[in-house]
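The structure under discussion appears below in the form of structure tokens.
First the proteins, then the strands, lettered A, B, ... as listed; each starts at 1.
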2 protein chains.
Amino acid sequence: MEVVIASTNKGKISEIRKILSGLEIEILSLDDFSQIPTIIEDGCTFEENAVKKATAISKLTGKVTLADDSGLEVDCLNGAPGITSARFGGDGLNDAERNQKLLELLKEVSDGERKARFKCVLAIACPDGKINTVCGECQGLISLEVRGNQGFGYDPIFIPDGYSKTFGELGGEIKDKISHRARALFRAREVLLEIIQKVKQK
Amino acid sequence: MEVVIASTNKGKISEIRKILSGLEIEILSLDDFSQIPTIIEDGCTFEENAVKKATAISKLTGKVTLADDSGLEVDCLNGAPGITSARFGGDGLNDAERNQKLLELLKEVSDGERKARFKCVLAIACPDGKINTVCGECQGLISLEVRGNQGFGYDPIFIPDGYSKTFGELGGEIKDKISHRARALFRAREVLLEIIQKVKQK
């Protein structure tokens, strides 16, 4: 069975590939299709955006599609950047510039008041219109400075609970066990296993 | 009313004085008495030791006595150093040497597996034989290296949950709000207020 990952973010695609390895599926990404239009993420929640992307891409490709919407919620920013995580601070910024911008914003926020969490919602859409969503969270805090260069996005400024290092320092081996996306993907695996089973029974 | 702090540890006495300030009590320490014998802490729990010390000193001085027993429990060491925290690694060691010893012991323990908690039990004994105990905990983890020089004991290698700095870096203002001893002392305040009230009514 082929499954399309509805993303062009190389960091996300690589994490998803690793955690879904071992399933009897062939993973495709949007790069494997020509002329797929960009799906505008104009929902109010991670879930709305993930469902919208998965449904649209599944219709266009005729294949089971997994879409991710995820982001960082910072308590002292009242949950921002949230669903705007990927474009927070301006569309033209790269990850490093975005991290600097967030640290600058928290300059006066003392250690102990920097609670945050990564959230991930995955939607799995089937060509017959059926859709499932699963979610995952990772609690932690925003570090006082950029640390480490592994991962992507906000990884170098996020310290997961129970650790003293950032995801940027900890690297993939640990992130793929405890991250928001990893936790959501463990649940997505179960959903995909059921779909594989049903396809086989037909 | 006079209250004896059954300790000679200057760090502990100073923390207790600060958090109990404002109560209508005069705080004495063991240094205010001559010929008080050392009470052997041979109990199996923080509570046993605190009760033993408070009861003995209250009998000897004829005054309300507050005794502290506290320590650090490290999960991957099966709860050690625990009640032996103050003499862990050898009686002759100073705080810095003891911290190095503990870090050395955890050298192979990866970030994320270094969960620990400070525990404090306070016993308040009255000359009439009545005794109350209160406790406080502070969850956190053991840092990868010594950081900061404030506080005492294991403070420079303990990162409280929700913070990225150690107690050694955070200093008294924060420690006096969230530490195991602070939390126990907030409860001890209530007990002392009741005792003060009773003494006044006599």
Most contact-rich option vs chain B, by heavy-atom pairs under 4.5 angstrom, among A:D161, A:L170, A:L141, is A:L141
Has B:S21 got a side-chain atom pairing as donor or acceptor with B:K18's backbone, closer than 3.5 angstrom? yes
Ignoring hydrogens and geometry, is there a side-chain-to-backbone donor-acceptor pair from B:Y154 to B:I142 under 3.5 Å? no
Pairwise distance CG(B:N132) to CD(B:E194) - rounded to 0.5 angstrom: 7.5 Å
Which atoms of A:I178 approach chain B - backbone, side chain, both or neither, heavy atom under 4.5 Å: neither
Option in B:K115, B:R114, B:E169, B:K165 with maximal non-hydrogen atom pairs under 4.5 Å from chain A: B:K165
If I measure from the heavy atoms of chain B, does A:S164 come under 4.5 Å with its side chain, its backbone, both, or neither? both
Quick one: are A:R181 and A:S70 in side-chain contact, heavy atoms under 4.5 Å? yes
Between A:D111 and chain B, which part of the residue has a heavy atom less than 4.5 Å away: side chain, backbone, both or neither? both
Under 4.5 Å between any side-chain heavy atoms of A:Y163 and A:I174, yes or no? yes
